Amino acid sequence: METNSNNFGELQELKDMATLAKLLARAPFLESQYYFRNRAVDSFRKFENDAAVMIQSWFRGCQVRAYMRHLNRVVTIIQKWWRSYLGRKFYQLIVEAAYYTMKMNLYNEMAVRIQRRWRGFRIRKYCFNYYYLKEYLRAVSETNDAIREALEEFAEMKEREERKVLLEREEKQKDYQARKMHYLLSTKQHKH
């Protein structure tokens, strides 16, 4: 049994050696296959990575475009609300201005009617009333005469005051000249 197991062990060793020899014989081929497969896997991995990046960029682009469309719709709604608010405010201002204009036109019409009626009444009562007009003209004439007399008196008084001021000024001038020349009178001049 021992020989059997010994033989079996040797046989096993021989098989292992034969396998090793086969592997060593195939080593350059396996080595080239290993690099070829790794290179193929690397290029396939790069291809897959590029494809994944392209898909991700396309998807993200879709997301961004969808978000931009959403923002555009939201901004459009906000603008619509704001413009309608401004339109309502502007319309309200126009209505208020029109109401104010109508009210002022009505008030002006009423004022014109009142003025027309008052002027007609005044003309009928005072201007075409002969006795009242005669009395009015007599009062104006008397007032004018009184004012004319007062103005004449005022002019005479003003003229008297101006003469008085002129005389006082002349007196002052004479007095000044006398004081200025008093030493000439008091000193004696010798003739040579």
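As the structure is a computational prediction, the values presented were derived from the model and not from experiment. Keep in mind that the numbers below use all heavy atoms, side chains included, and drop hydrogens, waters and symmetry copies.
Scanning for side chain to side chain contact (heavy atoms under 4.5 Å, CB included) contacts around Y100 gives M104, with sequence neighbours left out. Listed by chain and residue number, Q79 satisfy the side chain to side chain contact (heavy atoms under 4.5 Å, CB included) test with R83 (two or more places apart in sequence, or in another chain). For F121, the side chain to side chain contact (heavy atoms under 4.5 Å, CB included) partners are W118, R124, K125, not counting sequence neighbours. In this structure V64 satisfies the side chain to side chain contact (heavy atoms under 4.5 Å, CB included) test together with M68, sequence neighbours excluded. With sequence neighbours excluded, the residues forming a ring-ring contact (aromatic ring centres under 6.0 Å, His included) with W82 are Y85, listed by chain and number. Take R88 and apply the side-chain hydrogen bond (donor to acceptor under 3.5 Å, both in side chains) test, not counting sequence neighbours, and it matches S84. Under the side-chain hydrogen bond (donor to acceptor under 3.5 Å, both in side chains) criterion, N108 pairs with no residue at all, not counting sequence neighbours. In terms of the side-chain hydrogen bond (donor to acceptor under 3.5 Å, both in side chains) criterion, D16 has no residue partners (sequence neighbours excluded). The side-chain hydrogen bond (donor to acceptor under 3.5 Å, both in side chains) search around R45 returns D42, not counting sequence neighbours.
Contact check for Y176 versus K172: no side-chain heavy atoms found under the 4.5 Å cut-off. Residues E162 and K158 have side chains in contact (heavy-atom distance under 4.5 Å, counting atoms from C-beta outward).
The CD atom of E48 sits 10.0 Å away from atom CD1 of I55, with the distance rounded to the nearest 0.5 Å. For the atom pair NZ (K103) and CD (E96), the distance works out to 10.5 Å, reported to the nearest 0.5 Å. Atom CG in N72 sits 10.0 Å away from atom CD1 in I77 (nearest 0.5 Å).
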What donor-acceptor contacts under 3.5 angstrom involve side-chain atoms of residues 133-156, with partners at least two apart or in another chain?
residue, atom, partner, partner atom, Å
E135, OE2, R138, NH2, 2.4
R138, NH1, E142, OE1, 3.3
R138, NH1, E142, OE2, 2.3
T143, OG1, A139, O, 2.7
D145, OD1, R148, NH1, 3.3

Please table the atom pairs, donor to acceptor, closer than 3.5 Å between any side-chain atom in residues 110-117 and protein atoms at least two apart or in another chain.
none

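Cluster note: M54 groups with no other residue, as no ILVMFWY side-chain heavy atom lies under 4.5 Å from it.
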